[in-house]
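Notes to accompany the following structure.
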2 protein chains.
Amino acid sequence: MIDSADMPISAQDARRFKSGQRIHDAGAEGPAWRVSSGVVRFHLIDESGSEPLFAGLAVGGEIVGVEALLFGRYSYRATALTDCELSPWPGGATTERDSLLHALTLAEHRAARVVALRSGQAIERIRRLIRLLLPQASAVARAELPPLRDIAEITALTAETVSRTLSGLRRQKVIEPEQPRCGRGHKSCLVALDLLAAA
Amino acid sequence: MIDSADMPISAQDARRFKSGQRIHDAGAEGPAWRVSSGVVRFHLIDESGSEPLFAGLAVGGEIVGVEALLFGRYSYRATALTDCELSPWPGGATTERDSLLHALTLAEHRAARVVALRSGQAIERIRRLIRLLLPQASAVARAELPPLRDIAEITALTAETVSRTLSGLRRQKVIEPEQPRCGRGHKSCLVALDLLAAA
DNA sequence: CGAGCGATTGAACCAGGTCAAACGGGGTGG
DNA sequence: CCACCCCGTTTGACCTGGTTCAATCGCTCG
């Protein structure tokens, strides 16, 4: 009612997270969320105290944290891979049944997506990930890349390999430097899609 | 009514598929299914005519082919990785809402599972896959492995590497030979779990 | 300015890929 | 019944893409 004029439906209590920010932690309580934009990354917290394992990605439209609706607690840690916006789910006006089925359909694609990000040579994996990070569709687009160690974790490569691969892409003018080196605030180079189609 | 005496609830029209058998094809019409036992493998049929790409696995309890409920057609090809049993979904007595939420929760784990199968060294991947193929829980268990090329595809290795790795495991008595070499009917070696815990 | 952290770059190494050959069992046809 | 073929598996030799280890750079923040 109050401020929902130009927002997507039922986004009144949307929450925004900046790249790298924690969304929820494994074992914590909270609602399920619908991703309205951006990319969310999941971690499986290993019981044996070792560091969290990459466990998946969710993109716009998908639901995260459903298990909390059934069991009361999240199973995974979720962090924002890119800046993103989430709203509590289910929410608003959609028919619940269709909403659920749609969510389930999207969830089926999640596995295929991460598989693709770990298939083929380093350069193919990274191109696919960059594509995923770009705002959909548009033939030429820009996006800010996450820290190399995150890219490495998702693609099952090392940060060094990612760096070398990105350098190659930069040399071929597939992506633009724009911030070649980084300091504390993790921001990496921007990307131009152009040639990326040939993945 | 004829043969449903000792079957699980709502499994009247369960269908059994033998390892390697096609369950449904991308673009075909049909119901969604619930996997009651066994492991189902998905393929994404590449539009450009190349061979199908591995796109995920579903295990007991999960729902496959939901997209057909919304769009009328399957998005993936599904084949039986192990002998398995499916029944049309939704079916029977469960509260539909809970059933959907549960399905959605399981779907969230699918991505984590395939990621794990493509993480770490060859031997770890294969151990994880074997674990997945074994009937749950039981400390010592047996299962028949799929053809090496299937294992290779799932773990993002080559059939040669899989063969060498399995030979190693056989040498270490982690798995048992039982059918070391194979002919036309693809049946591979059987497995004993015992040492598999140390994955 | 100095510390800290991520990115970059180089050099050596190795796990796994690639190519090729041989094997073995089941199925098929004679 | 036997010979042959097909196909998945096994094994070897070699090669390479990516990892590992380590040094350096650059930016940001204190």
Side-chain angles (χ1 to χ4, degrees), chain A residues 18-21 51 54 79 81-82 117-130 144-172 175-191, chain B residues 18-21 41 51 54 79 81-82 117-130 144-172 174-191:
Chain A
K18 295 216 318 181
S19 154
Q21 208 176 336
E51 82 272 16
F54 172 67
T79 57
L81 182 63
T82 66
L117 291 172
R118 288 168 164 240
S119 295
Q121 311 253 105
I123 191 170
E124 305 170 45
R125 301 187 194 185
I126 290 180
R127 289 178 101 119
R128 279 191 277 261
L129 178 57
I130 293 177
E144 191 172 287
L145 297 186
L148 297 200
R149 69 174 270 177
D150 291 348
I151 299 180
E153 164 179 71
I154 294 168
T155 53
L157 299 168
T158 59
E160 292 94 329
T161 300
V162 174
S163 173
R164 285 184 248 264
T165 305
L166 289 178
S167 298
L169 291 175
R170 252 181 249 119
R171 225 173 294 121
Q172 303 172 216
I175 62 178
E176 301 182 351
E178 189 74 28
Q179 209 97 31
R181 295 165 173 284
C182 314
R184 190 168 313 220
H186 56 69
K187 54 184 58 177
S188 198
C189 53
L190 298 181
V191 186
Chain B
K18 295 215 319 182
S19 155
Q21 207 176 337
R41 174 178 44 149
E51 82 272 17
F54 172 67
T79 58
L81 182 64
T82 66
L117 290 172
R118 287 167 165 242
S119 294
Q121 312 254 104
I123 190 169
E124 305 170 45
R125 302 186 193 185
I126 290 179
R127 290 178 101 117
R128 279 191 278 260
L129 178 57
I130 292 178
E144 193 172 285
L145 296 186
L148 298 200
R149 69 175 270 177
D150 290 349
I151 300 180
E153 165 179 69
I154 294 168
T155 54
L157 298 168
T158 59
E160 292 95 329
T161 299
V162 174
S163 173
R164 285 184 248 265
T165 305
L166 288 178
S167 298
L169 290 175
R170 253 181 248 119
R171 226 173 292 120
Q172 303 172 216
V174 179
I175 62 179
E176 300 181 353
E178 187 74 26
Q179 210 95 30
R181 295 167 172 284
C182 315
R184 190 165 318 220
H186 57 69
K187 54 185 56 176
S188 199
C189 53
L190 298 182
V191 185

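Residue numbers start from 1 in every chain, and the chains themselves are labelled A, B, ... in the order their sequence lines are given, proteins ahead of strands. A quick note: this is a predicted structure, and the numbers were derived from the prediction, not measured.
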With heavy-atom distances below 4.5 Å as the criterion, would you say the side chains of [X] and [Y] are in contact?
X	Y	answer
Thr82(A)	Pro146(A)	no
Arg128(B)	Leu117(B)	yes
Asp150(B)	Arg41(B)	yes

Out of [options], whichever nucleotide has its closest atom nearest the side chain of [X]:
X	options	result
Ser163(B)	dG16(C), dT9(D), dT8(C)	dT9(D)
Ala122(B)	dT9(C), dG16(C), dA7(C)	dG16(C)
Arg170(B)	dT10(D), dG16(C), dT8(C)	dT10(D)

In terms of heavy-atom contacts, Ser119(B) and Arg118(A) come closest through OG-NH1, 2.7 Å

For Arg125(B) and Thr155(B), the nearest pair of non-hydrogen atoms, with its separation, is NH1-O, 2.7 Å

With sugar-phosphate meaning primed atoms plus P, OP1 and OP2, does Ala156(B) contact a base, only sugar-phosphate, or nothing at under 4.0 Å between heavy atoms?
sugar-phosphate

Exercise answer: donor-acceptor pairs, residues 157-166 of chain A side-chain atoms, under 3.5 Å, sequence neighbours excluded:
{"residue": "Thr158(A)", "atom": "OG1", "partner": "Thr161(A)", "partner atom": "N", "Å": "3.3"}
{"residue": "Thr158(A)", "atom": "OG1", "partner": "Thr161(A)", "partner atom": "OG1", "Å": "3.0"}
{"residue": "Thr165(A)", "atom": "OG1", "partner": "Thr161(A)", "partner atom": "O", "Å": "2.8"}

Short heteroatom pairs, N/O only, protein and nucleotides 18-21 of chain C, under 3.5 Å:
{"residue": "dT18(C)", "atom": "O4", "partner": "Arg164(B)", "partner atom": "NH2", "Å": "2.8"}
{"residue": "dC19(C)", "atom": "N4", "partner": "Glu160(B)", "partner atom": "OE2", "Å": "3.2"}

From CD1 of Ile126(B) across to P of dA15(C) the rounded distance in Å is 15 Å

Taken to the nearest whole Å, CG/Asp150(A) to P/dC5(C) is 16 Å

Bend of the helix from dC1(C)-dG30(D) to dG30(C)-dC1(D) from end-axis comparison, five pairs per end, nearest 10°, comes to 40°

